[in-house]
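Structure, as structure tokens:
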Amino acid sequence: MQSAPPPSDADLNAAPVARIKSEDLFRQAREVEIDHQGRIYRLRLTQLNKLILTA
């Protein structure tokens, strides 16, 4: 059995990834707008509860 390679410097310095529950993000809506550097993106829930991000 091989052991995992040691973590790289990038792995050691990486900040933890933020996790947001979709229920908290959408609340009672099916769509939210995200302003990223002045451009508006729409994140929508489909009828099958999949996510679609459009610009």
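Quick note: numbers below take in every heavy atom, side chains included, and nothing from hydrogens, waters or symmetry partners. Count residues from 1 along the sequence.
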Requested in this report: Calculate, to the nearest 0.5 Å, the distance between atoms CZ and CD belonging to Arg44 and Glu31 respectively.
Outcome: 6.0 Å
**Report entry** Flag side-chain contact, heavy atom, 4.5 Å: Ile34 against Ile40
**Finding:** no
Query raised in the report: Under a 4.5 Å side-chain heavy-atom rule over Ile, Leu, Val, Met, Phe, Trp and Tyr, are Ile20 and Leu53 clustered together?
Result: yes
Query raised in the report: Does any N or O in the side chain of Arg30 come within less than 3.5 Å of the main-chain N or O of Thr46, such that one atom is a donor and the other an acceptor?
Result: yes
Query raised in the report: Are any non-hydrogen side-chain atoms of Phe26 and Leu43 less than 4.5 angstrom apart?
Result: yes
